[in-house]
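Everything on this sheet refers to the single structure shown next.
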Number of protein chains: 2
Amino acid sequence: MSDQPASSAPAFAPHDHRACEARALDQARDRLAENGARLTPVRRRTLEILLESHRAMGAYEVLDRLAAEGFGRQPPVAYRALEFLVEHGLAHRLQRLNAFAACLHPGHDHAPAFLICRSCDMLAELPAAPVRDALADLAAENGFQVERVTIEALGLCPACAGTAA
Amino acid sequence: MSDQPASSAPAFAPHDHRACEARALDQARDRLAENGARLTPVRRRTLEILLESHRAMGAYEVLDRLAAEGFGRQPPVAYRALEFLVEHGLAHRLQRLNAFAACLHPGHDHAPAFLICRSCDMLAELPAAPVRDALADLAAENGFQVERVTIEALGLCPACAGTAA
DNA sequence: CTTTCGCATGTTATATGATAACAAGTCAAT
DNA sequence: ATTGACTTGTTATCATATAACATGCGAAAG
Ligand SMILES: [Zn+2]
Ligand SMILES: [Zn+2]
Ligand SMILES: [Zn+2]
Ligand SMILES: [Zn+2]
């Protein structure tokens with residue numbers, strides 16, 4: 001019951017990002033413990049790398065970082081860690097970008113919406129229940145059984161929209 | 001004003017697909033004429049290929065078809081035609097699939113939602129105004145300026161859900 | 001203990017998706 | 001006849017993702 005309402009997520013607003021990172025890592029540990037899965041060094045480091053910023057990173061970008069720190073330098077190393085994180089709800093895959101981002105509020109199942117700034121690459125992960133509901137209605141009308149949804153908006157974050165104007 | 005309500009699109013229901021194809025081609029011609037763009041042989045054939053089925057096709061799948069019919073056999077041939085069609089609203093790119101599908105009701109700007117069957121690969125393109133509105137609300141709350149949206153649901157079409165049960 | 005087995009990590013090689021850069025052909029306007 | 005915009009084709013290369021196999025490690029069974 002200590003859940004903050006997810007809508008309080010800072011998104012593009014400035015915030016204490018250290019707290020962001022720490023909280024996500026803690027929740028990741030909890031979640032994996034529940035599922036009996038292991039947060040090994042590569043996986044942990046991969047998550048930390050994703051958590052450094054509110055951006056999405058390509059698998060090869062992550063791989064470069066891992067390799068530089070003594071982990072394997074072949075694609076499967078990064079892809080496996082990323083796939084693991086996604087499977088366990090600790091990271092998301094951004095379909096438009098072929099890239100990955102840390103999940104900012106794991107701990108409960110969610111299929112968030114993403115706002116992606118095309119100028120600065122920043123990313124906001126938002127609870128998308130109303131959007132999903134609207135989509136579920138559409139699907140129901142067509143007898144379609146939804147399993148996974150992708151909801152992504154590309155555009156300008158407040159900061160970049162401001163400087164452009 | 002002769003517009004059928006877009007919601008009458010047959011989606012997964014059986015229908016006269018010849019009419020589907022013919023209508024889409026006609027509307028494509030109209031639309032391009034308005035914009036002063038040319039429906040050249042490669043482009044036209046590419047559109048026809050996409051229109052053969054309510055499935056998304058990868059660029060290389062399209063390329064194979066084009067090559068077999070005497071057009072160029074190098075990737076840019078397909079990618080250019082597909083890009084052209086997408087730019088002019090005659091085809092859509094499916095982000096989850098890295099693939100393309102003909103637009104079934106061009107003629108007015110739209111950012112549809114897609115229902116993608118993971119079993120038979122069939123695809124429904126649906127008007128998504130309510131979904132987009134919900135997403136727009138989210139964006140507005142966060143000061144985000146939306147430019148393009150991706151709304152895709154992966155799951156089972158009625159037919160495939162039926163046989164699975 | 002030590003054997004066994006699942007799983008994590010690493011490798012090499014290859015598949016799949018996409019674009020850059022350049023050359024040549026068409027065609028309408030000058 | 002010449003120019004310039006546009007289209008199509010090429011070669012070469014980049015980017016993204018997975019298959020297949022080898023090794024190591026640690027918990028559970030013997
Ligand atoms: Zn943060
Ligand atoms: Zn921005
Ligand atoms: Zn049809
Ligand atoms: Zn199906």
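All heavy atoms count here, side chains included; hydrogens, waters and symmetry mates do not. Proteins get letters first, then strands, A, B, ... in listed order; numbering begins at 1 in each.
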Can you check the [X] [atom1] to [N] [atom2] distance for me, whole Å?
| X | N | atom1 | atom2 | result |
| --- | --- | --- | --- | --- |
| A/Leu94 | D/dA17 | CG | P | 12 Å |
| B/Gln74 | C/dC22 | CD | P | 17 Å |
| A/Glu83 | C/dA8 | CD | C1' | 13 Å |
| B/Gln95 | C/dG17 | CD | C1' | 13 Å |
| A/Leu39 | C/dA8 | CG | C1' | 13 Å |
| A/Arg73 | C/dT12 | CZ | P | 11 Å |
| A/Arg93 | D/dT18 | CZ | C1' | 11 Å |
| B/Leu82 | C/dG17 | CG | C1' | 12 Å |

Short question: side chain of [X], backbone of [Y] - any donor-acceptor pair under 3.5 Å?
| X | Y | value |
| --- | --- | --- |
| B/Arg132 | B/Ala111 | yes |
| A/Asn142 | A/Leu138 | yes |
| A/Glu152 | A/Leu115 | no |
| A/His17 | A/Leu51 | yes |

| Ignoring hydrogens and angles, does a donor from either the side chain of A/Arg38 or the base of D/dG26 sit under 3.5 Å from an acceptor on the other? |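 Check fails, no donor-acceptor contact within cut-off.
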| request: Check whether any side-chain nitrogen or oxygen of B/Asn98 sits under 4.0 Å from OP1 or OP2 of D/dT16, and answer yes or no. | output: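 The answer is no; no side-chain N or O of B/Asn98 sits under 4.0 Å from OP1 or OP2.
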| query | Does B/Arg43 put a side-chain nitrogen or oxygen below 4.0 Å from OP1 or OP2 of D/dT7? | reply |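 Looking at the OP1 and OP2 atoms of D/dT7, one of them is under 4.0 Å from a side-chain N or O of B/Arg43.
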What nucleotide, of [options], holds the atom closest to the side chain of [X]?
| X | options | answer |
| --- | --- | --- |
| A/Phe100 | D/dT7, C/dA18, D/dA17 | D/dA17 |
| A/Pro75 | C/dA13, D/dT11, D/dT8 | C/dA13 |
| B/Tyr79 | D/dT18, C/dT19, C/dG10 | C/dT19 |

| Residues in contact with DNA chain C, drawn from residues 45-72 of chain B - heavy-atom cutoff 4.0 Å |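 B/Tyr60, in order of number.
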| request: On DNA chain C, check which nucleotide each of B/Leu97 and B/Arg80 is closest to and give me the residue with the more 5' one. | output: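 Between the two, 5'-proximity favours B/Leu97.
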| field | Closest-nucleotide ordering on DNA chain D, the 5'-leading residue of A/Pro76 and B/Pro41 | value |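 The residue mapped nearer the 5' terminus is B/Pro41.
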| Above 12 or not: heavy atoms from other molecules or residues under 6.0 Å from CZ of A/Arg148? |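 Open.
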| field | Over 12 foreign heavy atoms within 6.0 Å of CZ, A/Arg29 | value |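 Counting neighbours around CZ of A/Arg29, more than 12 heavy atoms of other residues, nucleotides or ligands fall under 6.0 Å, so yes.
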| request: Let me know which of B/Val77, B/Leu50, B/Leu47 forms a side chain to side chain contact (heavy atoms under 4.5 Å, CB included) with B/Leu82. | output: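 Among the candidates, only B/Leu50 passes.
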